[in-house]
Amino acid sequence: MPEINVYEELRWRGLIHQTTDDAVLPGFLMERSRTVYAGFDPTADSLHVGHLMALMILRRFQKAGHRPIALVGGATGMIGDPSGKSEERRLLSEEELRKNVEAVEKQLKRFLDFEGKETSALLLNNYDWMGKFGYLEFLREVGKHVPVNVMLTKESVKTRLERSDSGLSYTEFSYMLLQAYDFVHLYREYGCEIQVGGSDQWGNITAGIDLARRLIGVQLYGITCPLLTKSDGTKMGKTESGALWLDPQKTSPYQFYQYWINVEDDLVEKCLKFFTDLSREEIASIVAQHREAPENRLGQRRLAQEITRLVHGESGLQAAERATAILFGAEIEQISERELDEIFSDVPSRTVSRSQLEGPGLPIVDALCLADLAKTKGEARRTIQQGGAYVNNRRVTDQEVRLTAENLVGDRTIVLRVGKKRYGLLRFEG
RNA sequence: GGGGGGUUUCCCGAGUGGUCAAAGGGGUCAGACUGUAAAUCUGAUGGCUCUGCCUUCGCAGGUUCGAAUCCUGCACCCCCCA
């Protein structure tokens, strides 16, 4: 028997974009413990921030006394969801998929409670039931119940058909049916009655609800969460260099933390509600303080703390904060080698041969490229010309400068920076 | 199977024989202003051993002193008809 009204909770947090039945759901969710699922297609070897919202919803359902199912799309990932995609996608190889499924499953486990009682989470892979389905069997059991004219009205299909430069293959067109059937299967096997997903999943979710009604005559429900966008219209969680990954190998805790520290003021409250477990009172107080003195970035700090701890654990958070304090704080010259050691693996860095510093030294332009702060030497030159390059936090204006042992901080590190906040460490060994 | 349209630098998109590394916009990067914010303004934006050289306009050949632009073949995409 749920003690918390999860519907109210989600509403307050702004996590509800659309539901299939606003009038019924609150009562439905208070009546007794329900089972709810969200799907995650293994399109990469890690989840990213974009997946976090659905995960947080599952978490909140579980906390409120419901049972969450995290579904990994081993089967659907083989097809490719056309929702929100403007172009046909390339198929992933089975080997790639296997690797991705494994990685994603591992990450999902972090966010839900799999221990104990009846609300303990389930981790399922739809390949387990989809893989066995024969084509003819699928057409007879599932396809027969889905009118094509309904499929054609779905947003994901419509936008693709309207484009003059890209089409939609039969394969991707069929994706919807697979996801629809997943829902039916989960209802039959696990009594799952609710599906949650991003707003782009609406079409797929309702397809599942329709199918369940036609096939077995039951009423299922769907909830979608909003797409979080920045003031420039881009999706939250995207960076210049791609997604913000949850895998520390792909996005270090420091980089992850920095992303949230830089969130614009207008989004802080939303993010706190979406991504942290802080209570209403705590969030209200943080937001109030933040409004009074936005320059202190209290909101961003709390946000970065909470979400980094959630994703990377206490040690990840500490590493991130340490690196931040060192790089954005003290004079670089005063930083000890030990401190540099500590942050070395968190900040983007490169180890190179010490011999580079000998003789005339390492041209600054090459150094910036080595540290991945510039893609080409031309770009490095340009950056210097425009006054955006720093060695140990000192601006460099001469493109011809060469780095020698004299530039070392501690005894083997040089701290490079491009722009206001992109740091790169070079370590000289050997 | 038939007919038509298309493929340009990160993206959109101009360019139909030399003055094209290729207009314009977007994005991105840097600077100024700030608070490691938003907005705004400025500049940059193929590579390099950089007053020059090299590589790019779907792919492969050809015509020409010279091709993103003309010709031939191929691939892929879109639309219409069957």
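This structure is a prediction, so every number in the text was calculated from the model and none was measured. Each chain gets a letter, A, B and so on, in the order the sequences are listed, and its residues count up from 1.
As rounded to the nearest Å, B:rA68 and B:rU9 have P atoms that lie 14 Å from one another. Look at the P atom in both B:rA14 and B:rG61: the space between them is 29 Å, to the nearest Å. One P atom belongs to B:rG62, the other to B:rU51, and the distance between them is 34 Å to the nearest Å. As rounded to the nearest Å, B:rC53 and B:rU36 have P atoms that lie 47 Å from one another. Between B:rU63 and B:rU69, the distance separating the two P atoms is 15 Å to the nearest Å. B:rG4 and B:rG15: their C1' atoms are spaced 23 Å apart (whole Å). Between the C1' atoms of B:rC76 and B:rC65, the separation comes to 35 Å (whole Å). Between the C1' atoms of B:rG35 and B:rG26, the separation comes to 28 Å (whole Å).
When each of A:Glu379 and A:Arg395 is assigned the nucleotide of RNA chain B with its nearest heavy atom, A:Arg395 is the one assigned upstream, toward the 5' end. Of the residues near RNA chain B, A:Gly419 and A:Asp366, the one whose nearest nucleotide (by heavy atom distance) lies more toward the 5' end is A:Gly419.
Listed by first and then second residue, the ring pair (Phe, Tyr, Trp, His ring centres under 6.0 Å) pairs that reach into residues 266-306 of chain A are A:Trp260-A:Phe275, sequence neighbours excluded. Under the ring pair (Phe, Tyr, Trp, His ring centres under 6.0 Å) criterion, no residue pair touches residues 348-402 of chain A, with sequence neighbours excluded.
Both distances falling under 3.5 Å, in either a Watson-Crick or a G-U wobble arrangement, place B:rC76 opposite B:rG6. Under the Watson-Crick or G-U wobble criterion, with both distances below 3.5 Å, B:rG43 is paired with B:rC29. B:rC48: Watson-Crick or G-U partner is B:rG52, with both key distances under 3.5 Å. In a base pair of the Watson-Crick type (N1 to N3 plus N6-O4 or O6-N4) or a G-U wobble (N1-O2 and O6-N3), with each distance short of 3.5 Å, B:rU34 is matched with no nucleotide. Across every strand in view, B:rU69 sits unpaired, with no contact that passes the Watson-Crick or G-U test at under 3.5 angstrom.
No engagement by A:Asp266 is indicated, since no non-hydrogen atom pair under 4.0 Å with the nucleic acid exists. At the heavy-atom level, A:Tyr390 lies under 4.0 Å from the strands shown only through sugar-phosphate atoms. Backbone-only contact: A:Val418 has heavy atoms under 4.0 Å from sugar-phosphate atoms and none from a base. In this structure, A:Gln258 reaches the bases: a heavy-atom distance under 4.0 Å links it to at least one base atom across the strands shown.
Donor-acceptor pairing under 3.5 Å is lacking for the side chains of A:Gln300 and A:Glu264.
Comparing B:rC29, B:rA32, B:rA37 against the side chain of A:Arg422 picks out B:rC29 as the nearest. Distances from the side chain of A:Asn262 to the nucleotides B:rU36, B:rA44, B:rC48 place B:rU36 closest.
Qualifying salt bridge (charged side-chain N to carboxylate O under 4.0 Å, His left out) partners for A:Lys99, counting only residues two or more places apart in sequence or in other chains: none. A search for salt bridge (charged side-chain N to carboxylate O under 4.0 Å, His left out) contacts involving A:Asp266 returns nothing, not counting sequence neighbours. For A:Phe344, there are no ring-ring contact (aromatic ring centres under 6.0 Å, His included) partners two or more places apart in sequence or in a different chain.
Following rounding to the nearest Å, A:Lys420 (NZ) and B:rA30 (P) show an atom-to-atom distance of 9 Å. Per the geometry, CD belonging to A:Gln255 stands 15 Å off C1' belonging to B:rU36, to the nearest Å. Regarding A:Lys421, its NZ atom lies at a distance of 14 Å from the C1' atom of B:rG31, rounded to whole Å. In this structure, A:Trp260 places its CH2 atom 20 Å from C1' of B:rG35, rounding to the nearest Å. When the C1' atom of B:rU28 is taken as reference, atom CZ of A:Arg382 falls 11 Å away, rounded to whole Å. Atom pair A:Glu400:CD and B:rC50:C1' shows a separation of 11 Å (rounding to whole Å applied). Rounded to a whole Å, the CD atom of A:Glu264 is 16 Å from the P atom of B:rU36. Between the C1' atom of B:rC29 and the CG atom of A:Leu416 lies a distance of 17 Å, rounded to the nearest Å.
The phosphate of B:rA30 (OP1 or OP2) has no side-chain N or O of A:Thr383 nearer than 4.0 angstrom.
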| said: Between A:Tyr7 and A:Phe61, does the ring pair (Phe, Tyr, Trp, His ring centres under 6.0 Å) criterion hold? Intermediate values first, please. | reply: CA-CA 9 Å; A:Tyr7 181 88; A:Phe61 264 97; 9.6 Å; no
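With respect to the salt-bridge test (charged N to carboxylate O, under 4.0 angstrom), the residues A:Arg98 and A:Glu94 do not qualify.
For RNA chain B, the residues of residues 288-302 of chain A within the heavy-atom distance limit of 4.0 Å (strictly under) are A:Pro294, A:Glu295, A:Arg297, A:Gln300, sorted by number.
The backbone N or O of A:Gly361 lies less than 3.5 Å from a partner atom in the side chain of A:Arg402, making a donor-acceptor pair. Looking at A:Asn125, its side chain never comes within 3.5 Å of a backbone N or O of A:Asp128 through a donor-acceptor pair.
If you check distances only, the side chain of A:Lys377 never reaches the base of B:rU49 with a donor-acceptor pair under 3.5 Å.
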